[in-house]
Undergrad: 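Pasting a structure here, questions to come.
From a predicted model like this one, the values you see are computed outputs, not experimental measurements. Throughout, a chain's letter reflects where its sequence line sits, starting with A, and its residues are numbered from 1.
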Protein chains: 2
Amino acid sequence: MFALDAETKAAEGPEHHRDELRLWLRLLTCTTMIEGEVRRRLRERFDVTLPRFDLMAQLDRAPQGLTLSNISKRMMVSNGNVTGLVDRLVETGHLERRAAPRDGRARLISLTPLGRAEFRAMAAEHETWIAEMFSGLGPGDVADLLRLLAKTKRSAAAAS
Amino acid sequence: MFALDAETKAAEGPEHHRDELRLWLRLLTCTTMIEGEVRRRLRERFDVTLPRFDLMAQLDRAPQGLTLSNISKRMMVSNGNVTGLVDRLVETGHLERRAAPRDGRARLISLTPLGRAEFRAMAAEHETWIAEMFSGLGPGDVADLLRLLAKTKRSAAAAS
DNA sequence: ACAAGATGTTTTAGGCTTAAAGTAATTCGG
DNA sequence: CCGAATTACTTTAAGCCTAAAACATCTTGT
């Protein structure tokens, strides 16, 4: 084992991390492919963008509403980005802004009844799309990936 | 096995695919975290954006140059997007456009010596960042993920 | 040769995204 | 109580991104 590692390192030179780089590119390819297909179907079936869908998904899980900061943390995007998304979804009647109870700076964003109804319909179909795209994996594969990606997430978080 | 599956389905209701959805969200989280950190470091260390880095990476592997269509296929982004990226990198002296040998429609894009030198310096550091972010995984984990993500890629491609 | 279709690139309009700067409200130390 | 720091949100400037349409060139069938 030791000899093999030494040999491998010698053959590839020092400081090479090819496998991790390949892994990163493969991870990125998978995500880009699936995300692109989801984006395409959301537009085609519901004439909605993926960021709007993602925002509504966050709000659907929080019936009492969320502040903008909270949303931007959960979505891992900038504050200004969320401001614009909310603007457009308020404009279309899917979201509403109201004052936060005891903080004059904050505003609570929540789904309107229209927004909730439309989101639920989209989410049901979305879930079948995802299942379809992962249908080539067995239950064991899914479990393995869930575990390995949890580990990856911790590893990446430690480096940030 | 059969009884357990039937029970599980009955408990969750028909047509539910929770694990696949969780897997997709976890995949997306990992990618977003790593991508965000790479983006931040590229800006901080080299004052370059991730799309520009990705474009230069494609061209570094193809010394003879690539057409725009070819680039957009490899990067999985739209044609118009690549036009704009190339415009900006030609402007800064990193890329050059020249006529394709036997096709008057196509143009070959390639790195200038400046572009190549700058890319190589960035790429070396980039590779260590990636290795760092995946350092919480063992060699076996990396191999498992490479295999499972290859399977995921095939599965997603089949659904598109 | 020529029309029809395919392919390669650019343009356009609109939306997404970020970093950084700006505005407003709260909290906290003294 | 009050000024300083913090927190919440918005605005701005620049760039990224897509779909669709427009243009240009090549290929193919006849």
Undergrad: To the nearest Å, give me how far apart CZ (B/F53) and P (D/dC16) are.
TA: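 Value for this atom pair: 15 Å.
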Undergrad: Measure CZ/A/R98 against P/D/dC9 and give the value in whole Å, please.
TA: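 Atom-to-atom, A/R98 to D/dC9, this comes out as 13 Å.
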Undergrad: I want to know whether B/F46 and B/F53 have ring centres closer than 6.0 Å.
TA: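 Not under 6.0 Å, so no.
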Undergrad: What is the separation between atom CD on B/E91 and atom C1' on D/dG15, rounded to the nearest whole Å?
TA: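 Computing the B/E91:CD to D/dG15:C1' distance gives 14 Å.
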Undergrad: Heavy-atom count check: over 12 atoms from other residues, nucleotides or ligands less than 6.0 Å from A/R43 CZ?
TA: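 Open: at most 12 neighbouring heavy atoms sit under 6.0 Å from CZ of A/R43.
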Undergrad: Could you tabulate the donor-acceptor pairs under 3.5 Å formed by side-chain atoms of residues 141-150 of chain A, not counting sequence neighbours?
TA:
unit_1	atom_1	unit_2	atom_2	d
A/D141	OD2	A/G138	N	3.1
A/D141	OD2	B/K151	NZ	2.7

Undergrad: Taking atom P of C/dG8 as reference, at what distance in whole Å does atom CG of B/N70 sit?
TA: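 One finds 9 Å between P of C/dG8 and CG of B/N70, rounded.
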Undergrad: Heavy atoms under 4.0 Å is the rule here; annotate nucleotides 16-26 of chain C 5' to 3' with B where the base is hit, S where only the sugar-phosphate is, and - elsewhere.
TA: SSBS-----BS
Undergrad: Check salt bridge (Lys or Arg N to Asp or Glu O under 4.0 Å) between B/E118 and all other residues, then give those that pass, not counting sequence neighbours.
TA: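 Partners of B/E118 by the salt bridge (Lys or Arg N to Asp or Glu O under 4.0 Å) criterion come out as none, since no residue qualifies.
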Undergrad: Please report the shortest heavy-atom distance between B/S155 and A/M133, naming the atom on each side.
TA: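 Residues B/S155 and A/M133, closest heavy atoms: OG-O, 2.6 Å.
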Undergrad: Taking for each residue the nucleotide of DNA chain D with the nearest heavy atom, is it A/D87 or A/K73 whose nucleotide lies nearer the 5' end?
TA: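 Counting from the 5' end, the first nearest nucleotide belongs to A/K73.
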Undergrad: Mind listing the side-chain donor-acceptor pairs of residues 80-91 of chain A below 3.5 Å, one per line with the distance, residues two or more places apart or on another chain?
TA:
unit_1	atom_1	unit_2	atom_2	d
A/T83	OG1	A/N79	O	3.4
A/D87	OD1	A/R97	NH1	3.2
A/D87	OD1	A/R97	NH2	2.8

Undergrad: What is the distance, rounded to the nearest whole Å, between atom CG of A/L42 and atom P of C/dG15?
TA: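 One finds 17 Å between P of C/dG15 and CG of A/L42, rounded.
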Undergrad: Write down the distance between CD1 (B/I71) and C1' (C/dT9), rounded to a whole number of angstrom.
TA: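 One finds 12 Å between C1' of C/dT9 and CD1 of B/I71, rounded.
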Undergrad: What are the two closest non-hydrogen atoms of A/I130 and A/I34, and how far apart are they?
TA: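 Looks like CD1-CG2, 4.5 Å.
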Undergrad: Using a 6.0 Å cut-off, check whether atom CZ of B/R107 has over 12 heavy atoms from anything other than its own residue.
TA: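 No - once you tally the heavy atoms of other residues, nucleotides and ligands closer than 6.0 Å, there are 12 at most.
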Undergrad: Heavy atoms only: give me the nearest A/H17-B/E127 pair and the separation to one decimal.
TA: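 Nearest pair, atom of A/H17 first, then B/E127: N-OE2, 3.1 Å.
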Undergrad: Kindly indicate, with the supporting measurements, whether the criterion side chain to side chain contact (heavy atoms under 4.5 Å, CB included) is fulfilled by A/L21 and B/H126.
TA: CA-CA 9 Å; A/L21 195 54; B/H126 173 265; 3.8 Å; yes
Undergrad: Using five pairs at either end of the helix from C/dA1-D/dT30 to C/dG30-D/dC1, determine the angle between the two local helix axes and round it to 10 degrees.
TA: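 The helix from C/dA1-D/dT30 to C/dG30-D/dC1 shows an end-to-end axis angle of 20°.
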Undergrad: Which atom names give the shortest non-hydrogen contact between A/R39 and A/P51, and what distance separates them?
TA: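 Between these two residues, the closest heavy atoms are NH1-CD, 4.2 Å.
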Undergrad: Taking only side-chain N and O atoms of B/R107, does any of them lie within less than 4.0 angstrom of OP1 or OP2 on D/dA24?
TA: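 No, outside the criterion.
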Undergrad: Give, ordered by number, those residues of residues 57-67 of chain B having at least one heavy-atom distance below 4.0 Å to an atom of DNA chain D; if nothing qualifies, reply none.
TA: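 Result for residues 57-67 of chain B: none.
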Undergrad: Round to the nearest Å and state the distance from A/R41 atom CZ to D/dT18 atom P.
TA: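 Spelled out: CZ on A/R41 to P on D/dT18 is 18 Å.
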Undergrad: When you measure from the side-chain N and O atoms of B/T83 to the phosphate of C/dT11, is any distance below 4.0 Å, counting only OP1 and OP2?
TA: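 Negative; the distance criterion is not met.
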Undergrad: Send over the distance from A/L68 CG to D/dT7 C1', rounded to a whole Å.
TA: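 Value for this atom pair: 13 Å.
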